[in-house]
Number of protein chains: 2
Amino acid sequence: MNIGDVADLSGLPAKTIRYYEDIGLVEPLRSANGYRSFRQSDVHKLAFLGRARALGFTIEDCRSLLKLYADTDRASAEVKQIAEEHLDRIDRKIAELTEMRATLSHLVDACAGDHRPNCPILADLAMEEDKTRTARAAD
Amino acid sequence: MNIGDVADLSGLPAKTIRYYEDIGLVEPLRSANGYRSFRQSDVHKLAFLGRARALGFTIEDCRSLLKLYADTDRASAEVKQIAEEHLDRIDRKIAELTEMRATLSHLVDACAGDHRPNCPILADLAMEEDKTRTARAAD
DNA sequence: GTTGACCTTCCAGTGAATGGAACCCTTATG
DNA sequence: CATAAGGGTTCCATTCACTGGAAGGTCAAC
């Protein structure tokens, strides 16, 4: 199979597939004309990669997961550990974003968003003292 | 003030401050010895940048925000629009991560995580048909 | 005068692709 | 036969926001 077909099947852009070959995640054969020639197993691997990346696993995680997948003797504990670490990363990221969101939406709500120059968003970023408000801690 | 002091005051690494000068966000003066010489206004700007970045605004957002901050005639609507677009980005990111989290934690829960090779996480990534389960749609 | 803590510039690398240029291969059609 | 369309190939640059490191200049204290 040529790269275009594999791209269609796996949902990955051809460019990404070439990149995955570059970094050693897949090793397609080559046809006489120099075209990459993908086996079923390559397509399967790429689809696996697509799903793992969609879950946010890093490329290095993916490399490990592929290795574990290929090793039918692996302990599921090894896989679970990678997944749990990733879950932690996700949780930390969500917490970080949620905090940003809270602060930001607070500021957005406080901003009139009209033609006038007065802007609580800029005031906060500049840490200006605002006499019309009481202590920030009271928020 | 030298870069080290500004780094301490603003909480930004010296390297980052130099980078911000590189891309034109601050323009400190220079002392006779070639050292950067920061005014109060530079320090203030950098602290502003630090807070804006902590809220996840992109560097280009920061550039715009600084420009608006400097323009005392700006309409708060301009600021609010930038903030609202960023809030949308954050919301989309949180939604994406939350979905990943749901799928992943589901898989992690299903995995025994012991010495045995059977692993629902890998099975899912590989889209293996699992005779012990009924259709995935039933999940 | 020498140590050590500063400061300087410049170059390279991060992650995970993505865009583009320049060129080759295959097949169909005028 | 020429050529045009639509594959494919490689290689280089760019993205974002820094961060690390090397090689060297400056300054204050001892």
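Naming: A, B, ... by sequence-line order, numbering from 1 per chain. Basis for what follows: all heavy atoms, side chains included, without hydrogens, waters or symmetry-related copies.
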message = Is there a side-chain contact between Arg36(B) and the phosphate of dT8(C), meaning an N or O under 4.0 Å from OP1 or OP2?
response = yes
Atom pair distance, as rounded to whole Å: CG in Asp22(A) and C1' in dT18(C) = 13 Å
task = Give a yes/no answer on whether the side chain of Tyr20(B) brings an N or O atom under 4.0 Å of OP1 or OP2 in dC18(D).
result = yes
key: No-H, no-angle donor-acceptor pair, Tyr35(B) side chain to dG25(D) base, under 3.5 Å   = yes
ask   = Salt bridge between Asp61(A) and Arg89(A), side-chain N to carboxylate O under 4.0 Å?
value = yes
ask   = Can we say Glu78(B) and Arg116(A) salt-bridge, meaning some charged N sits less than 4.0 Å from an Asp/Glu carboxylate O?
value = no
query = Looking at the side chain of Arg18(B), which of dT9(C), dT18(C), dC18(D) is the nearest nucleotide?
reply = dT9(C)
request  = Could you please name the option among dA17(C), dT19(D), dT26(D) that lies closest to any side-chain atom of Asn33(B)?
outcome  = dT26(D)
task = Look at Arg39(B) together with Asp42(B) and state whether they make a salt bridge at an N to O cut-off of under 4.0 Å.
result = yes
ask   = Just checking Phe57(A): base, sugar-phosphate only, or nothing, at a heavy-atom cut-off of under 4.0 Å?
value = nothing
key: Residue mapping more 5' on DNA chain C - nearest nucleotide basis, Arg30(B) or Lys15(A)   = Arg30(B)
message = If the threshold is 4.0 Å, N to carboxylate O, is there a salt bridge linking Glu96(A) and Lys93(A)?
response = yes
note = Considering only heavy side-chain atoms of Ile3(A), the closest of dA16(C), dG8(D), dA17(D) is dG8(D)
message = If you assign each of Ser37(A) and Ala32(B) to its closest nucleotide in DNA chain D, which residue comes earlier from the 5' end?
response = Ser37(A)
